[in-house]
Amino acid sequence: MRDAYHEELDSIGEDLVEMARLVGSAIGRATTAMLDADLRLAESVIAADDKVDTLQHDLEARAIALLARQQPVATDLRIVVTSLRMSADLERAGDLAQHVAKQARLRFPQSPVPHDLHTTLLEMGQLAQRLMAKAAEVIITKDVELALELEQDDDEMDLLHRTLFQHLMDDRWKHGIETAVDVTLLGRYYERFADHAVSVAKRVVYLVTGEHADEIQTAEAPVEGA
């Protein structure tokens with residue numbers, strides 16, 4: 001019985017990795033669809049989100065069943081509860097990738113992004129994909145140091161997000177209100193996607209150590225004047 005129980009825990013972890021890989025791929029493909037005005041690719045990203053939702057619902061059902069049958073304590077309880085929270089983060093990240101694809105579909109046959117912002121949005125999409133790939137690696141390896149790196153990596157996304165707003169607030173903006181709204185929404189989707197990747201990594205830190213990532217980072221921060 002205990003072997004089957006731990007196999008089920010391992011299976012939940014494998015599903016989390018699969019979800020992370022799927023949503024990482026989705027944000028990459030959605031970015032291409034958006035910048036290239038590729039309707040077929042956008043539709044495929046939108047449809048593929050069903051698989052992420054199915055994985056999340058199945059994982060949730062199995063985790064709740066484990067809680068009911070096994071009544072886990074200590075580390076095992078932390079694994080189950082944290083896995084539920086990670087699956088919710090990953091499902092939401094998948095929704096955000098789908099939102100990017102829907103924006104591409106909405107503006108087809110044009111791209112919702114003006115040409116002078118293509119590079120910035122491309123960088124945001126590539127960074128989002130890298131962050132989620134790193135989150136998947138953290139789930140697999142349980143590497144606390146790697147997990148703590150993601151928050152620093154996310155600073156780059158925040159910088160790109162601010163760059164978008166600088167363009168929007170520039171007096172030389174000539175693309176109109178509708179495009180400004182599109183760019184504002186897209187920037188928010190990427191910024192929130194990155195936040196979910198960071199959240200997944202932080203939850204792995206808690207799973208491994210029993211401590212919250214913010215507490216560990218505060219404890220490790222150098223004391224001013226020391």
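What's counted below: heavy atoms across the whole structure, side chains too, no hydrogens, waters or symmetry copies. Computed from a prediction, not measured in an experiment: that's the story for all the values here. Note that the numbering runs from 1 along the sequence shown for the chain.
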Just so I know, are the side chains of [X] and [Y] near enough to count as touching, which here means a heavy-atom distance under 4.5 Å?
X: Val100; Y: Phe193; answer: no
X: Thr75; Y: Ile79; answer: yes
X: Asp143; Y: Glu137; answer: no
X: Pro114; Y: Val183; answer: yes
X: Leu121; Y: Leu164; answer: yes

Out of curiosity, does [Y] fall in the hydrophobic cluster containing [X] (side-chain heavy atoms, cut-off under 4.5 Å, transitive links)?
X: Val198; Y: Leu159; result: no
X: Val144; Y: Ile140; result: yes
X: Leu9; Y: Val81; result: yes

Partners of [X] by side chain to side chain contact (heavy atoms under 4.5 Å, CB included), sequence neighbours excluded?
X: Ile64; result: Glu60
X: Ser199; result: Asp89, Arg203
X: Ala65; result: Arg69

Mind checking the [atom1]-[atom2] spacing from [X] to [Y]? Nearest 0.5 Å is all I need.
X: Asp15; Y: Gln56; atom1: CG; atom2: CD; result: 11.0 Å
X: Leu59; Y: Glu91; atom1: CG; atom2: CD; result: 12.0 Å
X: Leu160; Y: Leu122; atom1: CG; atom2: CG; result: 10.5 Å
X: Ser83; Y: Leu207; atom1: OG; atom2: CG; result: 6.0 Å
X: His196; Y: Arg92; atom1: NE2; atom2: CZ; result: 5.5 Å
X: Thr179; Y: Leu168; atom1: OG1; atom2: CG; result: 10.0 Å

Per-pair distances, 0.1 Å, donor-acceptor, side chain in residues 123-132, under 3.5 Å, sequence neighbours excluded:
none

Partners meeting side chain to side chain donor-acceptor pair (under 3.5 Å) with [X] (sequence neighbours left out):
X: Asp153; value: Lys134
X: Asp154; value: none
X: Arg172; value: Asp170
X: Asp58; value: Arg62

Considering the options Glu149, Glu151, Glu211, which one meets the salt bridge (Lys or Arg N to Asp or Glu O under 4.0 Å) requirement together with Lys202?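 Filter result, single survivor: Glu151.
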Could you go through the side chain to side chain contact (heavy atoms under 4.5 Å, CB included) check for Asp158 and Asp155 one step at a time? CA-CA 5 Å; Asp158 293 336; Asp155 290 343; 4.2 Å; yes
Hey, is CZ on Arg192 packed in by over 12 heavy atoms from elsewhere, all under 6.0 Å?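 Buried by this count: over 12 neighbours within 6.0 Å.
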Answer yes or no: does atom NZ of Lys51 have more than 12 heavy-atom neighbours from other residues, nucleotides or ligands under 6.0 Å?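 Open.
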Who are the ring-ring contact (aromatic ring centres under 6.0 Å, His included) partners of His57, not counting sequence neighbours?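 Listed in chain order: nothing, the list is empty.
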Quick one: ring-ring contact (aromatic ring centres under 6.0 Å, His included) partners of His99, sequence neighbours excluded?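 Expected list: Tyr189.
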Under 3.5 Å, is there a donor-acceptor pair between the side chain of [X] and the main chain of [Y]?
X: Arg105; Y: Ala42; value: no
X: Thr209; Y: Val205; value: yes
X: Gln98; Y: Ile46; value: yes

What's the shortest heavy-atom distance between [X] and [Y], and which atoms?
X: Leu16; Y: Leu90; answer: O-CD1, 3.5 Å
X: Val200; Y: Ala135; answer: CG1-CB, 4.2 Å
X: Leu186; Y: Pro112; answer: CD1-CG, 4.2 Å
X: Leu150; Y: Ala197; answer: CD2-O, 3.6 Å
X: His118; Y: Ser111; answer: NE2-OG, 3.8 Å

May I have the step-by-step check of side chain to side chain contact (heavy atoms under 4.5 Å, CB included) for Gln70 and Asp76, ending in yes or no? CA-CA 10 Å; Gln70 302 291 340; Asp76 287 350; over 6 Å; no
Mutual orientation of the aromatic rings belonging to Trp173 and His175 [parallel < 30°, tilted 30-60°, perpendicular > 60°]: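 Judged by the thresholds at 30° and 60°, the geometry between Trp173 and His175 is perpendicular.
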Could you walk me through whether Val113 and Asp182 pass side chain to side chain contact (heavy atoms under 4.5 Å, CB included), step by step? CA-CA 7 Å; Val113 180; Asp182 286 345; over 6 Å; no
Residues clustered with Leu39, ILVMFWY side-chain links under 4.5 angstrom: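 Joined to Leu39, directly or through intermediates: Phe108.
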Between Thr82 and Val204, is a side chain to side chain contact (heavy atoms under 4.5 Å, CB included) present by the stated rule, with each step listed? CA-CA 8 Å; Thr82 304; Val204 173; over 6 Å; no
Distance-only check: which donor-acceptor pairs under 3.5 Å involve side-chain atoms of residues 17-37, not counting sequence neighbours?
residue: Ser25; atom: OG; partner: Arg29; partner atom: NE; Å: 3.3
residue: Arg29; atom: NH1; partner: Ser44; partner atom: OG; Å: 3.2
residue: Thr31; atom: OG1; partner: Ile27; partner atom: O; Å: 2.7
residue: Thr31; atom: OG1; partner: Tyr190; partner atom: OH; Å: 2.7
residue: Thr32; atom: OG1; partner: Gly28; partner atom: O; Å: 3.3

